[in-house]
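A short write-up of the structure that comes next.
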Amino acid sequence: MELAYIPSPSSGVLYLGPVPLRGYAFCIIIGVFVAVWLGNKRWIARGGRAGTVADIAVWAVPFGLVGGRLYHVITDYQLYFSEGRDWVDAFKIWEGGLGIWGAIALGALGAWIGCRRRGIPLPAYADAIAPGIALAQAIGRWGNWFNQELYGRATDLPWAVEITSSSDGRMPGTYHPTFLYESLWCIGVALLVIWADRRFTLGHGRAFALYVAGYCTGRFWIEYMRVDEAHHILGLRLNNWTALLVFLLAVLYIVLSARKRPGREAVVEPGAPDGDGAAADGKKTAGDKTDGKTDGDAASTAGASDEDAKPDAATDTDVPEKPGKPEKPGKPGKLEKAEKSGEPEAAEEPEGSKDGAGSAKQG
């Protein structure tokens with residue numbers, strides 16, 4: 001007797017009033033939004049523009065959905081094209097059936113098209129969205145729970161999932177919730193990539209390759225637990241071999257990329273304004289400009305004015321300065337005349353003098 005288990009929903013359809021929302025599609029949509037949201041934050045932190053991730057996702061997501069469905073239909077063709085099956089069901093994506101391998105492959109093609117249109121390097125974009133893709137998978141796997149699919153061997157563990165449907169060869173009972181195992185594993189992969197990216201400053205596609213390698217590691221043992229129908233090669237399920245091959249390619253890419261192009265891209269989006277980058281806050285100069293001068297310039301100007309305004313001690317003591325035209329270059333000053341002649345200097349010139357008249361004209 002089971003003391004506890006995860007119950008399956010009685011229906012895979014949620015209703016918003018008269019509008020039906022299939023649980024599988026709902027989980028995929030939420031996952032896409034989370035991936036774009038997190039990818040946008042990481043892209044801005046790397047110096048890109050806000051909104052670029054969403055613009056490129058317009059290309060990547062449709063390509064990914066088509067690729068995921070194609071991989072599933074091709075590798076499980078007997079579900080749609082064998083005797084007694086309706087080939088039209090191959091287009092019913094809301095009933096489940098997306099292969100992550102095809103989704104990533106064609107999704108990358110769509111992302112490449114979007115990046116090329118903007119002059120953005122695809123590896124930099126892939127690094128930014130890698131943790132978001134892992135979280136999107138973690139959320140999307142709960143769509144399999146709504147459809148009562150992708151479970152493992154029978155078990156009486158407290159976290160077993162209860163299968164109540166008997167259609168398509170299912171046997172009611174409690175089984176290992178492999179959809180839950182993969183969901184939790186993907187969350188761990190997302191956290192691993194975020195940590196490693198900060199710790200080792202990953203660039204040139206290495207953060208994305210780490211996500212791929214991490215996911216393949218978990219997918220291998222989770223796939224081994226599943227009991228749904230699948231093609232086998234040398235005793236292993238097809239997806240086991242795919243996970244192994246893709247894992248080796250991802251590790252090889254990390255090693256070769258680190259040797260050939262160490263470090264991280266200095267510029268990820270050409271022409272991105274400084275205000276969109278994370279480093280923009282540190283680029284503000286001391287003082288905003290006022291009347292064409294910075295605060296520092298204004299302070300210097302004010303200081304210079306104060307110095308000019310200070311009276312010259314020697315001038316105040318010897319001869320009071322009079323307003324008027326400056327003395328002509330080369331013409332001896334009054335003090336010099338007085339010293340040469342030995343006569344005392346007149347205290348004040350008559351009002352009708354020549355210099356006084358010149359002062360009056362300028363005033």
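Residue indices begin at 1 and follow the sequence shown.
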Is there a path of hydrophobic side-chain contacts, each under 4.5 Å between heavy atoms, that joins L21 and F146?
yes
Identify, with sequence neighbours excluded, every residue that meets salt bridge (Lys or Arg N to Asp or Glu O under 4.0 Å) alongside K41.
none
Approximate separation, where rounding is to 0.5 Å, of Y77 OH and R85 CZ:
13.0 Å
What's the shortest heavy-atom distance between C27 and G143, and which atoms?
SG-N, 3.6 Å
Might you point out which heavy atoms bring V193 and A130 nearest each other, and give the distance in Å?
CG1-CB, 4.4 Å
Contacts of H72 meeting ring pair (Phe, Tyr, Trp, His ring centres under 6.0 Å) (sequence neighbours excluded), chain-then-number -> Y80
Which pair of non-hydrogen atoms, one from W159 and one from I6, has the smallest distance, and what is that distance?
O-CD1, 3.3 Å
Please round to the nearest 0.5 Å and tell me the distance separating atom CZ of F220 and atom OG1 of T242.
11.0 Å
Specify whether W221 and W185 have parallel, tilted or perpendicular ring planes, treating 30° as the upper limit for parallel and 60° as the lower limit for perpendicular.
perpendicular
Applying the 4.5 Å side-chain criterion to the ILVMFWY set and letting contacts propagate, would W195 and I133 be lumped into a single cluster?
yes
I'd like to check L65 versus I28 (side-chain heavy atoms, cut-off strictly below 4.5 Å). Are they in contact?
yes
Would you please indicate if the ring centroids of W142 and F179 are separated by under 6.0 Å?
yes
Mind checking whether I163 and P172 have side chains closer than 4.5 Å, heavy atoms only?
no
Using only atom types and a distance under 3.5 Å, with no angle test, would you say the side chain of N144 pairs donor to acceptor with the backbone of L150?
no
Say you draw a straight line from CD of Q78 to CD of E229; how long is it, rounded to the nearest 0.5 Å?
4.5 Å
Residue set satisfying ring pair (Phe, Tyr, Trp, His ring centres under 6.0 Å) with Y24, at least two apart, ordered chain then number -> none
Using modelled atom types only, decide if a donor and an acceptor are shared between the side chain of D86 and the backbone of V88 within a distance under 3.5 Å.
yes
For the pair W43 (side chain) and T52 (backbone), establish whether a donor and an acceptor sit closer than 3.5 Å, ignoring hydrogens and angles.
no
Working to the nearest 0.5 angstrom, can you tell me the gap between Y224 OH and N240 CG?
8.5 Å
Can you tell me if Y181 and H176 form a side-chain donor-acceptor pair at under 3.5 Å?
yes
Would you find a donor on one side and an acceptor on the other, under 3.5 Å apart, between the side chain of S8 and the backbone of E162?
yes
Does a side-chain heavy-atom distance below 4.5 Å link L192 with Y211?
no
Please give me the minimum heavy-atom distance between G205 and D127, naming the atom from each residue.
N-OD2, 2.8 Å
Distance-only donor-acceptor hits, side chain of residues 99-125, under 3.5 Å, sequence neighbours excluded:
from	atom 1	to	atom 2	distance (Å)
W101	NE1	N239	OD1	3.2
R118	NH2	D55	OD2	2.4
Y125	OH	V53	O	3.1

Testing the basics here: between G152 and V227, what is the closest heavy-atom pair and its distance to 0.1 Å?
O-CG2, 3.4 Å
Are there over 12 heavy-atom neighbours, none belonging to F81, within less than 6.0 Å of that residue's CZ?
yes
Evaluate V34 against I139 for side chain to side chain contact (heavy atoms under 4.5 Å, CB included), listing each step before the verdict.
CA-CA 9 Å; V34 169; I139 297 170; 3.7 Å; yes
Applying a strict under-4.5 Å side-chain criterion to I, L, V, M, F, W and Y, I'd like to know whether I187 and W145 cluster together.
yes
Listed pairs under 3.5 Å, donor-acceptor, residues 244-259 side chains, sequence neighbours left out:
from	atom 1	to	atom 2	distance (Å)
Y253	OH	H204	O	2.5
S257	OG	R206	NH1	2.7

Looking only at the side chains, is there a donor atom on one of E182 and Y215 sitting less than 3.5 Å from an acceptor on the other?
yes
Within this structure, what is the OG-CD1 distance for the pair S183 and I222, rounded to the nearest 0.5 Å?
9.5 Å
Evaluate the criterion salt bridge (Lys or Arg N to Asp or Glu O under 4.0 Å) for residue pair D197 and R42; output intermediate values, then yes/no.
CA-CA 11 Å; D197 194 26; R42 288 172 52 81; 2.8 Å; yes
Check the pair L98, Y71 against side chain to side chain contact (heavy atoms under 4.5 Å, CB included), reporting the backbone distance first and the verdict last.
CA-CA 7 Å; L98 286 175; Y71 182 89; over 6 Å; no
With hydrophobic residues grouped by side-chain heavy-atom distances under 4.5 Å, do V66 and L79 end up in a single group?
no
Worked verdict on R46 versus R264 for side chain to side chain contact (heavy atoms under 4.5 Å, CB included)
CA-CA 10 Å; R46 290 193 174 211; R264 179 183 287 176; 3.6 Å; yes
Those residues that, when tested against R237, pass salt bridge (Lys or Arg N to Asp or Glu O under 4.0 Å) (two or more places apart):
E223, D228
Partner of L135 by side chain to side chain contact (heavy atoms under 4.5 Å, CB included), out of L38, V189, I30:
L38
Separation between OG1 (T155) and OH (Y5), nearest 0.5 Å, reads 14.5 Å
Under the 3.5 angstrom rule, does the side chain of R49 hit a backbone N or O of G271 as a donor-acceptor pair?
yes
Evaluate the criterion side chain to side chain contact (heavy atoms under 4.5 Å, CB included) for residue pair T164 and Q148; output intermediate values, then yes/no.
CA-CA 8 Å; T164 58; Q148 298 195 32; 3.0 Å; yes
What one should report as the nearest heavy-atom pair of G31 and A136 is O-CB, 3.2 Å
Please answer: with hydrophobic residues joined when any side-chain heavy atoms are less than 4.5 Å apart, are V58 and F33 in the same cluster?
no
